[in-house]
Amino acid sequence: MANEIRMENEENVIEVRDLCKTYITNKRQLNVLRNVSFDIKSGDMVGVMGPSGSGKSTLLYSVSGMDRATAGEVRFCGRDITKLSDSKMAEIRLDEMGFIFQQMYMLKNLTVFDNVILPACQSKKLHETMKETKARGEELMRKFGIIETADNDINEVSGGQLQRACIARSMINKPRIIFADEPTGALNRSSSDEVMKELVKINNEGATIMLVTHDAKVAAKCSRVLYIVDGNIKGEFELGKYTEEDDIKTRERHLNNWLMEMGW
Ligand SMILES: Nc1ncnc2c1ncn2[C@@H]1O[C@H](COP(=O)(O)OP(=O)(O)O)[C@@H](O)[C@H]1O
Ligand SMILES: [Mg+2]
C-alpha cells in the first residue's frame, strides 16, 4: 500500500530502547526498570526469567502498554507506542496483542466459549459476521482440545482447560504478539505441559510470544531467554526453536547451566 509507513525493521515486532519504569511510593523512588533494551523478532518465543521482584511483570506491562513507561521507547511494528493516548493504546492491545496471565481473567457470567470470542465482539478489526467469529472461536477451541467445554461456565472446567481457553481467547483477534505472564504459574506439571504444548504449537505456526516464567522447564521451550536482575537484562541465552521432536532434557540442561552462571 502506497501510504503505509515503512517500518524501521520489518522483522522486529518489538523494539525496546532504554526503557525505564520508576514507581514513587511514600515519597520514595523505586527504579524497577533501568534502561532495558531488546528486540523481539516476528515468530520468536522469548522467555523472561529472573528472581522474584526483579521487574519481569513490570517489563511485560510496560512493553505491552498495560502500564506507562517512565522513559525510553517501545516500538511495536515500527511505531513508538509509549506516547499514544490511553484509548489508542487500548485499541492496539485489543486488536494486535494477546494476553495470558497466571490468574485466568475470565468473566464469570459468560460461558467458556463466549469468553473466548469476547475480544472479537469488542473489536472492529476483522470486519466479520457473528457467524464467522463463532466459527473461528470453535475452530480455536477444537485446536486446543477444549471444544467440549464450550458451553460450560468457567468454574466447571479444570485450570489447564481454562488456560487453554485463555490461549484461544488471546488469539481470537489474530494478534501480532502474545504476552504471557507466568501462564503456567498456577498449574500442576501435567497441565503446565499441556499449556506449553499449545504455546509451542502456535509459535511453530508463526505466533510471536513473550513469556515470563520462573520455571526452567517452561523456559527451556522458548527460543531465547532473557535473564533480568534488578530491572536490567543481565544475560541472554539462545536456545533455538523447540519442536516436539527435540530432546527437551538436553535443552533443560544447557539452560540450567547458564541459569547457574546467572546466579539463579
Ligand atoms: N504498582 C507498583 N507500585 C510500586 N511498586 C511496584 C508496583 N508494581 C511492582 N512494584 C515493585 O516493582 C518491583 C518489581 O516487581 P515485578 O515486576 O512484579 O517483579 P517480578 O514480576 O519479577 O516478580 C518489586 O519490587 C515490586 O514490589
Ligand atoms: Mg511477576
Side-chain angles (χ1 to χ4, degrees), residues 14 16-40 44-74 76 81-84 86 89-90 93 97-106 159 162-163 166-167 169-170 177-189 191-192 195-196 199 208-222 224-237 239 255-256 258-264:
I14 295 283
V16 175
R17 293 294 175 270
D18 297 316
L19 186 67
C20 298
K21 177 70 187 179
T22 300
Y23 289 114
I24 314 273
T25 44
N26 303 327
K27 292 181 184 159
R28 283 190 58 238
Q29 185 174 321
L30 189 61
N31 301 317
V32 179
L33 299 178
R34 298 181 297 158
N35 293 84
V36 177
S37 299
F38 67 98
D39 295 336
I40 300 178
D44 208 351
M45 180 156 169
V46 177
V48 179
M49 292 194 78
S52 178
S54 57
K56 303 181 295 296
S57 294
T58 304
L59 180 64
L60 187 131
Y61 299 158
S62 302
V63 171
S64 62
M66 286 175 61
D67 200 354
R68 288 220 174 258
T70 308
E73 273 188 15
V74 177
F76 172 67
I81 56 173
T82 54
K83 283 143 201 104
L84 295 179
D86 288 349
M89 198 54 240
R93 278 199 306 277
M97 298 173 172
F99 291 90
I100 307 168
F101 299 99
Q102 176 170 347
Q103 288 82 22
M104 303 138 199
Y105 297 105
M106 289 233 167
L162 203 54
Q163 199 58 307
C166 289
I167 300 175
R169 182 183 59 181
S170 79
I177 185 166
I178 292 172
F179 293 99
D181 191 3
E182 306 274 9
T184 63
L187 302 176
N188 63 27
R189 187 85 263 153
S191 298
S192 165
V195 163
M196 282 313 293
L199 289 177
T208 308
I209 301 173
M210 176 177 174
L211 183 159
V212 169
T213 183
H214 61 255
D215 185 341
K217 282 189 189 314
V218 166
K221 291 177 176 170
C222 295
R224 191 155 63 98
V225 179
L226 308 178
Y227 194 81
I228 312 278
V229 177
D230 288 338
N232 256 313
I233 298 178
K234 185 176 179 186
E236 187 177 325
F237 191 66
L239 280 152
L255 178 64
N256 278 316
W258 175 76
L259 286 171
M260 275 203 318
E261 276 171 42
M262 288 290 112
W264 175 244

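The figures here come from the full heavy-atom set of this structure, side chains too, leaving out hydrogens, waters and symmetry mates. Note that ligands are numbered from 1 as they come in the structure, with each ligand's atoms numbered from 1 the same way.
- Close approach of ligand 1 to S52 (heavy-atom distance below 4.0 Å) involves ligand atoms 23 (O).
- Closest to atom 14 (C) of ligand 1, if we only count protein heavy atoms, is G53 O, 3.3 Å.
- Geometrically, ligand 1 and T25 share no nitrogen or oxygen pair separated by less than 3.5 Å.
- At a heavy-atom distance under 4.0 Å, atoms from both the backbone and the side chain of T58 approach ligand 1.
- Within the 3.5 Å criterion, the main-chain N or O of P51 finds a donor-acceptor partner in the side chain of K56.
- Distance alone, capped at 3.5 Å, is enough to place a donor-acceptor pair between the R93 side chain and the G65 backbone.
- The presence of a protein heavy atom under 4.0 Å from atom 22 (O) of ligand 1 is confirmed.
- Of all atoms in ligand 1, numbered sequentially from 1 with element shown, those under 4.0 Å from a heavy atom of P51 are 22 (O).
- The Mg ion (ligand 2) has an N, O or S atom of S57 under 2.8 Å away, backbone or side chain.
- Of the protein's heavy atoms, Y23 CE1, 3.6 Å lies nearest to atom 9 (C) of ligand 1.
- Of the N and O atoms on the side chains of T208 and D44, not one donor lies less than 3.5 Å from an acceptor on the other residue.
- Ring planes of F101 and F99: parallel class, angle under 30° (limits at 30 and 60°).
- Between the side chain of T213 and the backbone N or O of A219, no donor-acceptor pair lies under 3.5 Å.
- Considering only non-hydrogen protein atoms, atom 26 (C) of ligand 1 sits nearest to L30 CD2, 4.7 Å.
- Residue G55 places a heavy atom less than 4.0 Å from ligand 1.
- For R28, the CZ atom is loosely surrounded, since the number of other residues' heavy atoms within 6.0 Å does not exceed 12.
- For atom 2 (C) of ligand 1, the protein comes within 4.0 Å by at least one heavy atom.
- A donor-acceptor contact shorter than 3.5 Å is absent between the side chain of R34 and the backbone of C20.
- Between D67 and S62, the side chains place no donor N or O within less than 3.5 Å of an acceptor N or O (distance only, hydrogens not considered).
- Among all non-hydrogen protein atoms, the one lying nearest atom 18 (O) of ligand 1 is S57 CB, 3.8 Å.
- Looking only at distances, no side-chain donor or acceptor of Q29 sits under 3.5 Å from a matching main-chain atom of Y23.
- Protein heavy atom in closest approach to atom 12 (O) of ligand 1: V32 CG2, 3.2 Å.
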